[in-house]
2 protein chains.
Amino acid sequence: MSEAVVKDNQKPVLHALKLACSNCSLAELCLPFGLPDADLSQLDLLIDQRRSVRRGEHLYQAGTHFESLYAIRRGFFKTHALTEDGREQVTGFHMTGEIMGVDAISTDIHACHATALEDSEVCEIPFTRLENLIREIPALQRQFHRIMSREIVRDQSVMMLLGNMRAEERVAAFLLNLSQRNAARGYSASGFHLRMTREEIGSFMGLKLETVSRTFSKLQDEGYITVDKKRVDIIDMERLKALLSHCSPRNVL
Amino acid sequence: MSEAVVKDNQKPVLHALKLACSNCSLAELCLPFGLPDADLSQLDLLIDQRRSVRRGEHLYQAGTHFESLYAIRRGFFKTHALTEDGREQVTGFHMTGEIMGVDAISTDIHACHATALEDSEVCEIPFTRLENLIREIPALQRQFHRIMSREIVRDQSVMMLLGNMRAEERVAAFLLNLSQRNAARGYSASGFHLRMTREEIGSFMGLKLETVSRTFSKLQDEGYITVDKKRVDIIDMERLKALLSHCSPRNVL
DNA sequence: CGATTACTTGAAACATATCAAGATTCGTGG
DNA sequence: CCACGAATCTTGATATGTTTCAAGTAATCG
């Protein structure tokens with residue numbers, strides 16, 4: 001396995017690692033879901049580059065030309081946009097198996113920045129070649145459409161959250177969402193390490209960082225969770241879910 | 001042209017009208033954008049049914065099985081979801097040329113309701129057949145992906161709006177968005193008729209109806225717009241846009 | 001034309017933001 | 001490995017914007 005590491009403060013490091021969707025443990029969360037082995041090997045041919053992005057570095061920047069989607073192999077990302085006066089708004093947090101970059105398809109320009117919140121690795125998916133392959137593999141086409149659609153549903157859930165919920169409910173929804181996504185990846189549903197700052201959480205949820213901090217403290221005082229800086233443990237999952245029972249038409253986030 | 005009108009209070013009326021994307025004036029806002037004539041006639045074969053939905057009726061309901069996307073031929077829709085305790089959240093307003101239903105692709109179940117806010121007509125696009133056709137026409141594939149991606153970008157803009165803006169800014173963004181979309185369809189950018197109630201606007205923007213009403217009055221008092229119940233005229237477009245200058249990374253909504 | 005729905009406006013209540021200060025943690029270079 | 005400076009987090013007091021409650025008016029539908 002040859003490895004060419006190019007160290008640079010801004011640009012992500014590029015590896016010439018051999019990838020294989022066909023034996024990737026994340027397949028069922030990702031593009032290969034539902035594909036028979038024969039088709040998987042075609043995906044293997046397409047996705048031949050892995051890219052390493054270190055904590056704090058960006059994977060792509062808003063305004064740059066769009067060429068590839070990225071599947072997260074390992075790590076954790078935020079996507080965010082900057083307003084004219086320099087404030088940032090976080091538009092999403094992204095875990096292993098998720099696809100980033102679909103927002104750029106509409107204009108061929110990335111609509112947001114993607115920044116690693118921990119040392120990460122992504123699989124690069126050249127989009128033009130993906131479109132070609134999609135035309136030949138109906139199951140891949142269907143899965144790709146599902147992934148795009150899922151993103152739309154997810155964003156609309158966030159809209160409902162921002163439009164309807166109070167701070168306590170927002171933070172509860174946020175934690176439950178992380179919990180579910182952890183569980184789907186085989187990790188603990190009840191305890192995890194937050195990769196983002198209070199400010200980033202607040203930006204995503206439409207709250208100020210002080211409010212996020214206060215709300216964590218309140219949820220802890222009331223016995224829902226324990227918080228120790230970045231470590232969160234859900235003590236009473238049922239009651240935490242009950243906080244949202246009246247505002248979720250289906251699963252929130 | 002044979003026409004079979006079935007009157008019913010709940011179900012949309014079904015017409016057996018002949019449709020033709022190939023001579024539709026909305027083509028450039030819709031699925032046919034960028035297709036050569038030869039391919040257009042294939043789309044014509046696919047989209048053979050038009051459906052008439054009267055004001056107040058739904059086009060589809062949340063929870064029902066997904067079979068078709070719908071392109072708005074004429075009219076105006078809202079999409080909305082109900083929370084468990086019966087409140088509704090509006091997730092979007094939709095004008096001619098726009099495609100509705102993509103949120104259902106992820107699960108094969110509609111994630112929201114679609115209700116006509118005026119007498120409307122939609123073109124029904126059977127999704128399985130669309131996927132087949134997309135595999136044969138690369139330009140159609142590209143356009144479909146763009147439409148899905150555009151929806152994601154739009155939803156993320158709403159997230160930024162709900163997360164960052166105060167009431168006055170939200171309402172300004174809302175009016176400017178309607179203005180732009182009107183202009184793109186050849187209508188006036190400065191004056192239009194609101195199809196939705198104050199409550200629906202508020203639901204979409206994360207505000208109470210009283211706040212929407214007050215904000216309209218305030219924008220009128222300050223000379224940005226005039227409001228006469230459902231009629232809105234933008235008096236000073238530049239100043240209205242300036243209200244948003246500090247919170248938009250690019251076009252809002 | 002009467003009843004229902006939609007809209008406007010005011011006053012008070014409430015939730016979150018803002019400002020501020022101190023404590024803790026993290027990253028970096030010595 | 002330690003120490004220092006920067007970044008992050010917590011908590012309190014006050015300010016602000018939006019919601020809630022309430023009442024009255026206007027418009028729409030049958």
Side-chain angles (χ1 to χ4, degrees), chain A residues 9 54-57 78 85 87-90 115-119 161-174 193-222 225-232 243 247, chain B residues 7 9 54-57 78 85 87-90 115 117-119 161-172 174 193-222 225-232 243 246-247:
Chain A
N9 229 2
R54 283 189 308 186
R55 182 188 149 104
E57 290 178 344
K78 68 172 174 181
D85 52 352
R87 288 170 306 166
E88 86 161 17
Q89 160 96 11
V90 173
T115 301
L117 295 183
E118 63 180 25
D119 292 353
L161 177 151
L162 292 171
N164 279 328
M165 296 189 194
R166 287 172 306 103
E168 191 181 55
E169 297 167 330
R170 292 184 198 198
V171 172
F174 175 73
H193 188 80
L194 298 175
R195 265 72 179 207
M196 68 296 285
T197 66
R198 305 287 191 262
E199 186 166 23
E200 287 164 336
I201 296 171
S203 173
F204 181 55
M205 313 281 293
L207 299 170
K208 294 297 163 186
L209 71 96
E210 296 94 328
T211 305
V212 174
S213 179
R214 271 186 251 273
T215 306
F216 276 156
S217 300
K218 185 161 171 247
L219 288 176
Q220 179 167 242
D221 291 347
E222 291 169 352
I225 61 175
T226 61
V227 192
D228 181 25
K229 61 183 267 77
K230 299 272 193 184
R231 174 82 198 174
V232 173
L243 279 182
C247 40
Chain B
K7 195 166 170 181
N9 229 1
R54 285 189 308 188
R55 182 189 149 105
E57 291 177 343
K78 69 172 174 182
D85 52 353
R87 288 170 306 168
E88 84 161 17
Q89 159 95 12
V90 173
T115 302
L117 295 183
E118 64 181 24
D119 292 352
L161 178 150
L162 292 171
N164 280 328
M165 296 188 193
R166 287 172 305 101
E168 191 181 56
E169 297 167 330
R170 292 184 197 197
V171 172
F174 174 73
H193 187 81
L194 298 175
R195 266 72 180 207
M196 69 297 283
T197 65
R198 305 286 191 264
E199 186 167 22
E200 287 163 337
I201 297 171
S203 173
F204 181 55
M205 313 281 294
L207 300 170
K208 294 296 162 188
L209 71 95
E210 296 95 328
T211 305
V212 174
S213 178
R214 271 186 253 273
T215 306
F216 275 154
S217 300
K218 184 162 172 246
L219 289 175
Q220 179 167 243
D221 291 348
E222 291 169 354
I225 62 175
T226 61
V227 192
D228 181 24
K229 60 183 266 78
K230 300 273 193 182
R231 174 81 200 173
V232 172
L243 278 182
H246 61 93
C247 40

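Values reported hereafter were calculated over all heavy atoms of this structure, with side chains retained and with hydrogens, waters and symmetry mates removed. Values in this document were obtained by computation on a predicted structure and should not be read as measured data. Here is how names work: the chains are called A, B, and so on, in the same order as the sequence lines, proteins then strands, and each is numbered from 1.
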Please say whether more than 12 non-hydrogen atoms of neighbouring residues, nucleotides or ligands are located less than 6.0 Å from CZ in B:Arg55.
no
How long is the span from the [atom1] atom in [X] to the [atom2] atom in [Y], to the nearest 0.5 Å?
X: A:Arg231; Y: A:Ile225; atom1: CZ; atom2: CD1; result: 12.0 Å
X: B:Lys230; Y: B:His193; atom1: NZ; atom2: NE2; result: 6.5 Å
X: B:Glu169; Y: B:Leu161; atom1: CD; atom2: CG; result: 9.0 Å

Which angle, rounded to 10°, do you find between the first-five-pair axis and the last-five-pair axis of the helix from C:dC1-D:dG30 to C:dG30-D:dC1?
60°
Look at the side chain of B:Asp119 and the backbone N and O of B:Arg54, then say whether any donor-acceptor pair between them is shorter than 3.5 Å.
no
Does A:Lys230 or A:Glu210 map to a spot on DNA chain C nearer the 5' end, using the closest nucleotide for each?
A:Glu210
Determine the minimum heavy-atom distance between B:Gly163 and A:Leu162, stating which atoms define it.
N-CD1, 4.3 Å
Nearest non-hydrogen partners of A:Leu243 and A:Ala172, listed with the distance
CD1-CB, 4.0 Å
Got a list of side-chain donor-acceptor pairs under 3.5 Å for residues 205-218 of chain A, not counting sequence neighbours?
residue	atom	partner	partner atom	Å
A:Thr215	OG1	A:Thr211	O	2.6
A:Ser217	OG	A:Ser213	O	3.2
A:Lys218	NZ	A:Glu168	OE2	3.1

DNA chain D: 5'-proximal contact among B:Arg55 and B:Arg214 (nearest heavy atom)
B:Arg214
Give B:Thr197 one of three labels, base, sugar-phosphate or nothing, depending on what nucleic acid heavy atoms sit under 4.0 Å from its own.
sugar-phosphate
Nearest whole angstrom, please: distance from the [atom2] of [N] to the [atom1] of [X].
X: B:Arg198; N: D:dA27; atom1: CZ; atom2: C1'; answer: 12 Å
X: B:Asp119; N: D:dC29; atom1: CG; atom2: P; answer: 11 Å
X: A:Leu209; N: D:dT10; atom1: CG; atom2: P; answer: 9 Å

Please list, chain by chain and in numerical order, all residues satisfying salt bridge (Lys or Arg N to Asp or Glu O under 4.0 Å) with B:Glu222, sequence neighbours excluded.
none
Could you pull out the protein-nucleic contacts involving nucleotides 16-18 of chain D (nitrogen or oxygen on both sides, under 3.5 Å)?
residue	atom	partner	partner atom	Å
D:dT18	OP1	B:Ala167	N	2.5

When you list every nucleotide of DNA chain C with an atom under 4.0 Å from a heavy atom of chain A, which one comes first 5' to 3', and which comes last?
C:dT16 to C:dG27
Under 3.5 Å, side-chain donor or acceptor atoms of residues 196-203 of chain B against the rest of the protein: list the pairs with distances, not counting sequence neighbours.
residue	atom	partner	partner atom	Å
B:Thr197	OG1	B:Glu199	N	3.3
B:Thr197	OG1	B:Glu200	N	3.0
B:Arg198	NH1	B:Lys229	O	3.4
B:Arg198	NH2	B:Lys229	O	2.7
B:Glu200	OE1	B:Thr197	N	2.9
B:Glu200	OE2	B:Lys78	NZ	2.8
B:Ser203	OG	B:Glu88	O	3.2
B:Ser203	OG	B:Val90	N	2.7

